[in-house]
Novice: 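Would you mind keeping the following structure in view while I ask a few things?
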Amino acid sequence: MVVGELLAYIRPHRKILFVGGLLGLIGSAAGLAMPLLAKYVVDAFGEAGSMAGPLLGLTAAVLIGAVVSAGGSYLMERTGEGIVLGARRRLVDRMLRLRVADVDRLKPGDLLSRVTGDTTLLRAVLTNGVVESVSSAFMLVGAIVMMATMDGVLLLVTLLVVVVIGGLVALIMPRIQRAQTQAQEAVGEMGAVLDRALQAYRTVKASGAEEREIAVVGDAAVRARDRGLQVAGWTSLAGVATWMAVQIAFLAVLAVGGARVASGTLEVSSLIAFLLYLFYLVPPIGQLVQGGVQLQQGLAAMRRIKEIEDLPAEPDSAPVTGPAAPVGVTFDNVTFRYGDDRPIVHDGVSFEVPPGGLTALVGPSGAGKSTVFALIERFYEHQGGSIAIGGRDIRDWPLGELRAALGYVEQDAPVLAGTLRENLLFAAGDVTEEELGRAIARTRLDDLVARLPEGLETAVGHRGVLLSGGERQRVAIARALLRKPRLLLLDEATSQLDAVNELRLREVIAEVAAETTVLVIAHRLSTVTNADRIVVMEGGGVRAVGTHESLVGEDELYRELAATQFLVG
């Protein structure tokens with residue numbers, strides 16, 4: 001099965017691979033002619049005849065073989081790059097369509113290793129490993145045929161030695177594959193450890209943890225080195241076995257052939273030609289062994305790539321344009337956990353958000369508030385109960401249409417590397433300049449745009465590092481507003497804003513709530529005291545629903561939250 005997947009990468013390039021392979025065969029044929037031409041040179045020298053013809057033929061064979069082989073090699077390398085490009089595009093396409101639940105349990109560094117390192121191994125196995133092995137097999141068979149015409153006894157001696165050593169090499173190949181798989185996994189683990197440190201780079205610096213993280217990454221690098229040494233050891237053993245096969249065969253042929261020359265049953269020129277053909281076995285046998293090694297490496301890489309390709313992907317559903325009317329949300333006895341071995345996060349959650357207006361989710365950490373958003377976006381699927389958006393079961397919505405109706409601002413408000421304009425238009429590239437300017441003004445980003453040296457075209461750095469936390473949050477909100485959502489989800493939308501900007505954003509939220517449905521998660525109750533309704537969550541359930549005034553009087557937990565934030569006496 002894995003071999004079939006491996007060969008599937010060759011199929012789009014089979015024509016050019018055929019041409020490259022044909023050139024390789026022609027080059028091999030030219031090489032096979034050289035020992036025979038050398039025999040004619042020796043015979044001409046012994047008979048004191050003209051050597052011009054044989055020498056010219058030998059020279060022509062050398063030149064033709066070199067030129068044709070170079071052309072074939074270039075085509076192989078070119079095709080290899082094309083195979084790597086196709087594999088990377090296919091793998092990245094799959095990765096970005098995976099379900100959030102699957103990506104959350106994978107390590108980013110290991111995913112990068114599969115896209116970079118594992119796909120590169122495919123180039124070697126699918127060009128050198130397969131095509132050149134075919135050419136080498138042709139050259140090997142051709143050399144054996146020519147050796148058979150020289151002397152059958154010497155051929156049997158040669159084949160006996162080669163078969164014995166070849167059996168040893170065949171036993172080594174599975175070990176190479178296992179070692180290569182472990183080596184690639186170790187490299188992926190090293191990438192994951194390094195990615196962890198780089199993602200928290202400032203925290204590492206501020207904590208004085210450089211030495212500790214260097215040691216952790218260093219330990220992972222040592223494990224990768226050790227796995228690589230295992231591959232090198234088994235590969236070297238296979239190479240030595242190949243070299244020994246040719247050397248032992250040479251000694252055996254020299255001994256038996258010398259005796260046959262002495263007895264007069266074999267010409268000296270034939271023995272010389274036979275020995276030349278014997279040495280011509282070295283490159284094809286070596287290439288076949290190398291091809292076998294590369295095949296094991298490719299199979300190991302293909303298994304890791306296929307692990308990603310076999311993961312279920314989200315349905316590919318294009319956004320559907322429709323009415324922009326606000327939609328409501330209904331949770332009816334919803335149960336959910338992140339895995340069979342994980343605790344329940346939602347245990348019978350029920351609440352209703354009517355279309356339009358502002359609804360807030362409040363409660364202590366771990367109450368399941370952010371999970372509400374994850375289920376609405378269908379990043380995860382609930383196990384029990386029902387969720388309806390706009391009166392329609394969430395599972396009946398085409399995924400593209402559902403997400404097109406939603407605007408989502410994550411808690412950490414991620415900003416991508418690129419310009420400020422690219423970040424603002426990330427979720428809606430077809431907006432007008434007027435609409436863009438209105439969103440900038442509504443989220444109070446005017447001052448930021450005016451202050452940046454190139455305005456909207458200014459690069460914001462990796463993860464928006466050149467922006468403050470509050471600026472990143474406002475960029476994320478403006479990006480969501482440009483999507484013109486029917487339901488706007490704000491997760492801790494004011495957590496990084498100062499008092500002045502928080503007040504301004506409260507005004508923005510109130511404006512947006514007049515046009516669409518806004519569902520906000522808030523730890524700062526000051527941002528939601530004027531909400532149309534507040535849902536209080538605790539321990540994976542809903543304990544109360546009401547306005548700020550009613551909840552202060554009726555719900556002890558909400559009253560405690562309000563008191564700790566000085567919103568009540």
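Since we're looking at a predicted model, the values are computed, not measured.
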Novice: Can you name the residues that form a side chain to side chain donor-acceptor pair (under 3.5 Å) with Arg421, not counting sequence neighbours?
Specialist: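 For Arg421, the residues satisfying side chain to side chain donor-acceptor pair (under 3.5 Å) (neighbours in sequence not counted) are Glu433, Glu457.
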Novice: Identify the heavy atoms of Ala252 and Val157 that sit nearest to each other, and give their distance.
Specialist: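 That closest heavy-atom pairing would be CB-CG1, 3.4 Å.
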Novice: Tell me, please, which residues at least two apart from Arg342 pass side chain to side chain contact (heavy atoms under 4.5 Å, CB included).
Specialist: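 Residues passing side chain to side chain contact (heavy atoms under 4.5 Å, CB included) with Arg342: Tyr338.
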Novice: Can you tell me how far apart CG (Leu111) and CD1 (Ile308) are? Round to the nearest 0.5 Å.
Specialist: 5.0 Å
Novice: Val115 versus Val92: any side-chain heavy-atom pair under 4.5 Å?
Specialist: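 With C-beta onward as the side chain, the pair touches.
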Novice: How close do Arg337 and Pro343 get, counting heavy atoms only, and between which atoms?
Specialist: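 Reported closest heavy-atom pair: CB-O, 3.5 Å.
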Novice: Can you name the salt bridge (charged side-chain N to carboxylate O under 4.0 Å, His left out) partners of Glu185, sequence neighbours left out?
Specialist: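 Result, salt bridge (charged side-chain N to carboxylate O under 4.0 Å, His left out) vs Glu185: none returned.
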Novice: Please test Leu271 against Leu154 for side-chain contact (heavy atoms from CB on, under 4.5 Å), starting from the C-alpha separation and ending with a verdict.
Specialist: CA-CA 9 Å; Leu271 176 60; Leu154 295 182; 4.2 Å; yes
Novice: Less than 4.5 Å apart, any side-chain heavy atom of Leu375 and any of Phe336?
Specialist: yes
Novice: Counting only heavy atoms from other residues, nucleotides and ligands, does the tally under 6.0 Å from CZ of Phe426 exceed 12?
Specialist: no
Novice: Identify, with sequence neighbours excluded, every residue that meets side chain to side chain contact (heavy atoms under 4.5 Å, CB included) alongside Val217.
Specialist: Val193, Leu194
Novice: Do Leu155 and Leu159 come close enough that some side-chain heavy atom pair is under 4.5 Å?
Specialist: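 When only atoms from C-beta onward are counted, Leu159 and Leu155 do touch, with a gap below 4.5 Å.
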Novice: Working to the nearest 0.5 angstrom, can you tell me the gap between Leu420 CG and Leu466 CG?
Specialist: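 Spacing of CG (Leu420) from CG (Leu466) equals 11.0 Å.
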Novice: Does any non-hydrogen side-chain atom of Ile305 lie less than 4.5 Å from one of Leu91?
Specialist: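 Sidechains of Ile305 and Leu91: in contact.
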Novice: Go through the structure and list residues passing salt bridge (charged side-chain N to carboxylate O under 4.0 Å, His left out) with Arg223, not counting sequence neighbours.
Specialist: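 Scan of Arg223 (salt bridge (charged side-chain N to carboxylate O under 4.0 Å, His left out), adjacent residues dropped) gives none.
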Novice: I want to check something: taking the side chain as every heavy atom from C-beta on, are Met95 and Glu309 in contact at a cut-off of under 4.5 Å?
Specialist: no
Novice: Looking only at heavy atoms, which two atoms of Thr119 and Ala87 are closest? And how far apart?
Specialist: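 For Thr119 versus Ala87, the nearest heavy atoms are CG2-CB, 4.0 Å.
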Novice: Among residues at least two apart in sequence or on other chains, which ones pass side chain to side chain donor-acceptor pair (under 3.5 Å) with Asp219?
Specialist: none
Novice: So does Trp234 get a backbone contact from the side chain of Arg175, meaning a donor-acceptor N/O pair under 3.5 Å?
Specialist: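 No, the answer is negative, given that no donor and acceptor are paired below the 3.5 Å cut-off.
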Novice: Which atom pair, heavy atoms only, marks the closest approach of Phe373 to Asp491?
Specialist: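 In terms of heavy atoms, the two residues are closest at CE2-N, 3.7 Å.
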Novice: Could you pull out all residues at least two apart from Asp310 that satisfy side chain to side chain contact (heavy atoms under 4.5 Å, CB included)?
Specialist: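 Testing Asp310 for side chain to side chain contact (heavy atoms under 4.5 Å, CB included), a comparison that skips the adjacent residues, returns Lys306.
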Novice: For Gln230 and Arg178, what are the C-alpha separation, side-chain angles and deciding distance, and is it a side-chain contact (heavy atoms from CB on, under 4.5 Å)?
Specialist: CA-CA 10 Å; Gln230 290 182 3; Arg178 286 196 295 271; over 6 Å; no
Novice: Looking at Val345, Thr371, Asp104, which hits side chain to side chain contact (heavy atoms under 4.5 Å, CB included) with Tyr380?
Specialist: Asp104
Novice: Decide side-chain contact (heavy atoms from CB on, under 4.5 Å) for Thr335 and Ile344; before the verdict, give the C-alpha distance in whole Å, the side-chain angles of both, and the deciding distance to 0.1 Å.
Specialist: CA-CA 8 Å; Thr335 58; Ile344 292 177; 5.5 Å; no
Novice: For Glu410, give me all partners under salt bridge (charged side-chain N to carboxylate O under 4.0 Å, His left out), at least two apart in sequence or on another chain.
Specialist: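 Result, salt bridge (charged side-chain N to carboxylate O under 4.0 Å, His left out) vs Glu410: none returned.
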Novice: Hey, are Asp93 and Arg90 close enough for a salt bridge, meaning a charged N less than 4.0 Å from a carboxylate O?
Specialist: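 No, this pair does not count.
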Novice: Okay, side chain of Asn423, backbone of Leu416: is any donor-acceptor separation there less than 3.5 Å?
Specialist: yes
Novice: Under the side chain to side chain contact (heavy atoms under 4.5 Å, CB included) test, which residues partner Leu85, sequence neighbours left out?
Specialist: Arg89
Novice: Output all residues satisfying side chain to side chain donor-acceptor pair (under 3.5 Å) with Arg304, sequence neighbours left out; order by chain, then residue number.
Specialist: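 Once residues adjacent in sequence are excluded, the partners of Arg304 under the side chain to side chain donor-acceptor pair (under 3.5 Å) criterion are Asp110, Asp118.
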Novice: Partners of Arg227 by side chain to side chain donor-acceptor pair (under 3.5 Å), sequence neighbours excluded?
Specialist: Gln182
Novice: Does Glu377 have any salt bridge (charged side-chain N to carboxylate O under 4.0 Å, His left out) partners at least two apart in sequence or in another chain, and if so, which?
Specialist: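 So Glu377 forms a salt bridge (charged side-chain N to carboxylate O under 4.0 Å, His left out) with Arg403.
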Novice: So which heavy atom on Gly228 is nearest to which on Ala183, and how close?
Specialist: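 In this case the closest contact between Gly228 and Ala183 is N-CB, 4.2 Å.
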Novice: Does Arg114 pair with Glu307 as a salt bridge, N-O distance under 4.0 Å?
Specialist: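 Judged by the 4.0 Å cut-off on N to carboxylate O distance, Arg114 and Glu307 do form a salt bridge.
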Novice: Would you say Glu314 and Arg97 make side-chain contact, with heavy atoms under 4.5 Å?
Specialist: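 Result no, sub-4.5 Å side-chain heavy-atom pair not found.
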Novice: Using the rule given for side-chain contact (heavy atoms from CB on, under 4.5 Å), can you reason through Val475 versus Leu467, listing the C-alpha separation, both sets of side-chain angles and the distance that settles it, and then say yes or no?
Specialist: CA-CA 10 Å; Val475 167; Leu467 304 179; 4.2 Å; yes
Novice: Heavy atoms only: give me the nearest Val100-Phe379 pair and the separation to one decimal.
Specialist: CG2-CD2, 3.5 Å
